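What you are looking at is a predicted structure, and each value in this text was computed from that prediction instead of being measured. Lettering of chains follows the sequences in order, A, B, ..., and the numbering in each one begins at 1.
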Amino acid sequence: DAGITQSPRHKVTETGTPVTLRCHQTENHRYMYWYRQDPGHGLRLIHYSYGVKDTDKGEVSDGYSVSRSKTEDFLLTLESATSSQTSVYFCAISETSGANNEQFFGPGTRLTVL
Amino acid sequence: QKEVEQNSGPLSVPEGAIASLNCTYSDRGSQSFFWYRQYSGKSPELIMFIYSNGDKEDGRFTAQLNKASQYVSLLIRDSQPSDSATYLCAVLRWEYGNKLVFGAGTILRVKS
């Protein structure tokens with residue numbers, strides 16, 4: 001998985017609790033992304049980062065926040081988890097942002113909000 | 001209309017045949033096009049990308065791009081049972097900060 005790890009790999013939590021997912025890379029790539037994948041919707045971008053402390057919103061950012069204090073780590077926080085946030089979350093990295101923006105994905109985190 | 005559309009399938013082909021997967025996109029400003037393969041319960045793996053009209057070949061895979069008709073295809077020659085997976089099409093849009101927009105994917109089943 002191109003030197004990308006995600007933790008935890010599985011999590012069950014209750015509605016209203018905060019949850020933090022971690023993405024760690026060893027490739028020293030500048031760009032990092034958080035996606036969620038749901039049946040019928042494909043992958044949808046939540047937030048992305050284009051450098052340390054530089055982040056921006058994606059298509060489905062409501063209810064999520066991110067932080068990137070080091071090149072290798074990108075954290076996704078669900079401030080108050082809801083059942084609609086039950087999903088599989090993937091982190092991705094890329095070296096460039098141009099036409100050859102090849103993104104490589106981590107193994108994913110399966111999150112269930114009860 | 002979804003920005004990137006794929007037939008959900010499943011597309012069934014016999015072993016050794018050519019599998020043809022199609023993707024259409026709505027925004028003419030789209031610049032690059034990516035194909036990913038995703039096995040059940042696994043993460044997406046990049047197969048190849050294309051940004052010029054025409055064909056691009058990589059092993060058994062050929063990507064075809066027609067910007068005038070706004071579609072991109074992936075051909076898999078000599079299909080194998082191990083090619084059975086979901087194939088995701090993604091489109092890069094520069095004006096959106098070079099973000100990828102994904103289709104929902106096509107399920108391919110190769111029968112031996």
Side-chain angles (χ1 to χ4, degrees), chain A residues 1-7 9-10 21 23-25 27 29-51 54-61 66 87-110, chain B residues 1-10 21 23-27 29-53 56 58 63 65 67 72 85-107:
Chain A
D1 290 323
I4 311 168
T5 57
Q6 292 184 232
S7 58
R9 295 292 313 279
H10 301 271
L21 308 183
C23 177
H24 178 78
Q25 60 144 331
E27 305 296 321
H29 284 358
R30 177 180 176 185
Y31 300 89
M32 299 185 76
Y33 311 81
W34 276 108
Y35 291 90
R36 60 178 289 174
Q37 187 173 37
D38 305 289
H41 288 280
L43 286 155
R44 291 180 292 174
L45 182 66
I46 305 171
H47 281 280
Y48 68 102
S49 170
Y50 46 96
D54 291 323
T55 64
D56 204 349
K57 296 179 180 181
E59 177 187 1
V60 290
S61 59
V66 291
S87 187
V88 180
Y89 291 85
F90 287 103
C91 173
I93 64 173
S94 67
E95 196 168 14
T96 70
S97 66
N100 57 341
N101 184 351
E102 298 172 277
Q103 294 187 16
F104 300 95
F105 285 80
T109 295
R110 182 172 295 276
Chain B
Q1 180 187 10
K2 289 186 178 179
E3 193 164 343
V4 181
E5 298 213 51
Q6 299 180 254
N7 188 318
S8 61
L21 302 157
C23 171
T24 59
Y25 59 96
S26 61
D27 187 356
S30 302
Q31 298 293 328
S32 304
F33 307 86
F34 298 75
W35 282 101
Y36 284 82
R37 176 178 64 196
Q38 186 174 26
Y39 293 112
S40 180
K42 301 296 185 181
S43 58
E45 304 169 89
L46 180 65
I47 299 172
M48 62 192 304
F49 71 94
I50 186 169
Y51 52 79
S52 298
N53 272 329
K56 180 180 179 182
D58 184 358
L65 174 60
K67 289 188 176 180
V72 56
T86 298
Y87 288 79
L88 305 173
C89 171
V91 172
L92 182 70
R93 297 185 59 189
W94 286 3
E95 69 270 29
Y96 282 0
N98 296 332
K99 289 177 275 189
L100 287 182
V101 179
F102 284 82
T106 298
I107 298 171

- Message: Among residues at least two apart in sequence or on other chains, which ones pass salt bridge (Lys or Arg N to Asp or Glu O under 4.0 Å) with A/Asp38?
- Response: A/Arg36, A/Arg44
- Where on A/Tyr35 is there a heavy atom nearer than 4.5 Å to chain B: the side chain, the backbone, both, or neither? side chain
- Message: Whether the side chain of A/Tyr33 engages the backbone of B/Lys99 through a donor-acceptor N/O pair (distance < 3.5 Å, no angle test) should be reported.
- Response: no
- Grab the two heavy atoms, one from B/Gln38 and one from A/Phe90, that are nearest each other, plus how far apart they are. NE2-CZ, 3.7 Å
- Go through the atoms of B/Gln6 and report whether side chain, backbone, both or neither lie under 4.5 Å from a heavy atom of chain A. neither
- Item | Residue part contacting chain A, namely of B/Leu100, when any heavy atom lies under 4.5 Å | both
- Message: Applying side chain to side chain donor-acceptor pair (under 3.5 Å), can you list everything that pairs with B/Tyr51, at least two apart in sequence or on another chain?
- Response: none
- Note on the structure: In this structure, CZ of B/Phe102 is separated from CD of A/Gln37 (nearest 0.5 Å) by 9.0 Å
- Minimum-distance pair of heavy atoms, taken over all atoms of B/Phe34 and A/Asn100: CZ-C, 4.4 Å
- Task: Identify the two heavy atoms, one from B/Tyr36 and one from A/Gln103, that lie closest to each other, and give their separation to 0.1 Å.
- Result: OH-O, 2.7 Å
- Which atoms of B/Phe33 come close to chain A, meaning under 4.5 Å heavy atom to heavy atom: side chain ones, backbone ones, both, or neither? neither
- Message: Tell me if the CD atom of A/Glu95 is crowded by more than 12 foreign heavy atoms within 6.0 Å.
- Response: no
- Give, as side chain, backbone, both or neither, the part of A/Leu43 having an atom under 4.5 angstrom from any heavy atom of chain B. both
- Note on the structure: For B/Ala104 and A/Gly40 the tightest heavy-atom approach is CB-O, 3.8 Å
- Task: Count the heavy atoms of every other residue, nucleotide or ligand shown that sit under 6.0 Å from NZ of A/Lys57, and state whether that count exceeds 12.
- Result: no
- With distance as the sole test, does B/Ser43 use its side chain to make a donor-acceptor pair with the main-chain N or O of A/Gly106 at under 3.5 Å? yes
